[in-house]
Amino acid sequence: MPYRKIVCALLGATLVHQAQAAELAVQLEIPRLNVAEYHRPYIAVWLEGERRDVHNLSVWYDLKMANEEGVKWIKDLRQWWRRSGRELSFPVDGVTSATRAPGSHRLSYTSDGVLARLPAGNYRLVIEAVREVGGREVLSQPFAWPPQQPARFQLQGKEELGAVVVELKP
Amino acid sequence: MLRSIALAALAAGTLSFSTAASAHNVWLLPSSTVLAKAETITVDAAVSNDLFFFNYVPLALDNLEILAPDGRRLAAENPHRGKLRSVFDLRVEQPGSYRLAVVNRGLFASYQLKGERKRWRGSPEALGREIPAEATDLQVTESLGRIETWVTLGKPTVPSPAGQGLELRPVTHPNDLVSGESARFVLLLDGQPVSGVEVTAIRGATRYRDRQEEMTAKTDERGEFAFTWEQPGMYWLEASAKDGKVSVPAAKERRLMYAVTLEVMPQ
């Protein structure tokens, strides 16, 4: 059996695959707020499929508190908590990370990364933000995966989220 | 008169509970119902007209039964009884749902003695001892009441039914309630679905509105009933029933009561 040939074929396939990796990118703005007591928001980004299946992408919560105390408030991401959060134990590898400062943050999810096993179908991208002594806001954008052509959606938060740009690349 | 006796019985922490007390609301109020991490919650327990304001008498905690997700009974921490409310803490550590209940069982009796109508309450054992032999026209009623609330850490689970008296079995989980959605439950009597029983639901903060705005539903042939929560908040559900399934031969009738405090989250 020409072992080398198989390896080369596999390698070649991988390379081709990488070159064609589809991407879901989210440019997400955490607004700078002029408030007396400011805490960085907890944010969850996930996908909901047509069968109510949930695919977690990113969840930011307070990692600085001792004994993972920051987990206590993660339920305030109410919609995400009900859809998925309450099924998990924290931290979740590749999903949870620290809260982020006000400003614009780019998140990228690709078909050769976290979306590798995402079945083709119609999805809703959901972004939920909640801030201690602040408010809560949810934005969502429907899309089809894998994308057939490039697409760009512009969403606008009112309180806890600023401008959000969702980009799809085949 | 009967009402004040029943309430006094509750306040004094004796065994008895009667539906005659249902003119007042009996409730447990947990500090949280949905938890993401092991933590301590605290619970107020009181009897009052206004929901959920402790402004009348405390609810005795003698018959508090805390059922953990693994099926074990837990003891409350730091129980305290004030003039207007009782309080206890509970360390919620196991993933799943906890059922917190005050279960009151007892007897009420009335009888004729020397031309006067007398009233009595107590345990089955005390009945023969404490009612004078010369009493006539003795009427004994058995009572069984459950006052509950549910608390969940992580994913909701369903504890097995107590199997005695009135209680709720989830179709919708009691810690998975959201305004704008409808929730469905089964009312059980001695562990079996019971039809034709009216269930009342009242949202808390009654002090700040002119009407109770109570909702009612009747259990169907499968024992099911449903409510649609128009607003988030703490709700108090109550149901009562009577039957002849007494456990004490002297009793003619059994009065059953169930109440549960449920938290409905905003959408």
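Just so you know, these numbers use all the heavy atoms, side chains as well, and skip hydrogens, waters and symmetry mates. In what follows, every chain begins at residue 1, and chains take the letters A, B, ... in the order their sequences are listed.
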Shortest non-hydrogen contact between B/His80 and B/Leu61, atoms and distance: O-CD1, 4.5 Å
Proximal component of B/Pro95, with respect to chain A [non-hydrogen, under 4.5 Å]: neither
Side chain, backbone, both or neither of A/Trp81 within contact of chain B (heavy atoms, under 4.5 Å): side chain
Shortest non-hydrogen contact between B/Gln94 and B/Pro69, atoms and distance: OE1-CD, 3.4 Å
Ring centre gap for A/Phe153 and A/Phe143 strictly below 6.0 Å: no
Contact winner vs chain A - B/Ala36, B/Ser32, B/Ala38, heavy-atom pairs under 4.5 Å: B/Ala36
Geometric cation-pi criterion, B/Arg207 with B/Phe53: 6.0 Å, 45°: yes
Top contributor to chain B contacts, counting heavy-atom pairs under 4.5 Å, from A/Glu68, A/Lys72, A/Gln79: A/Lys72
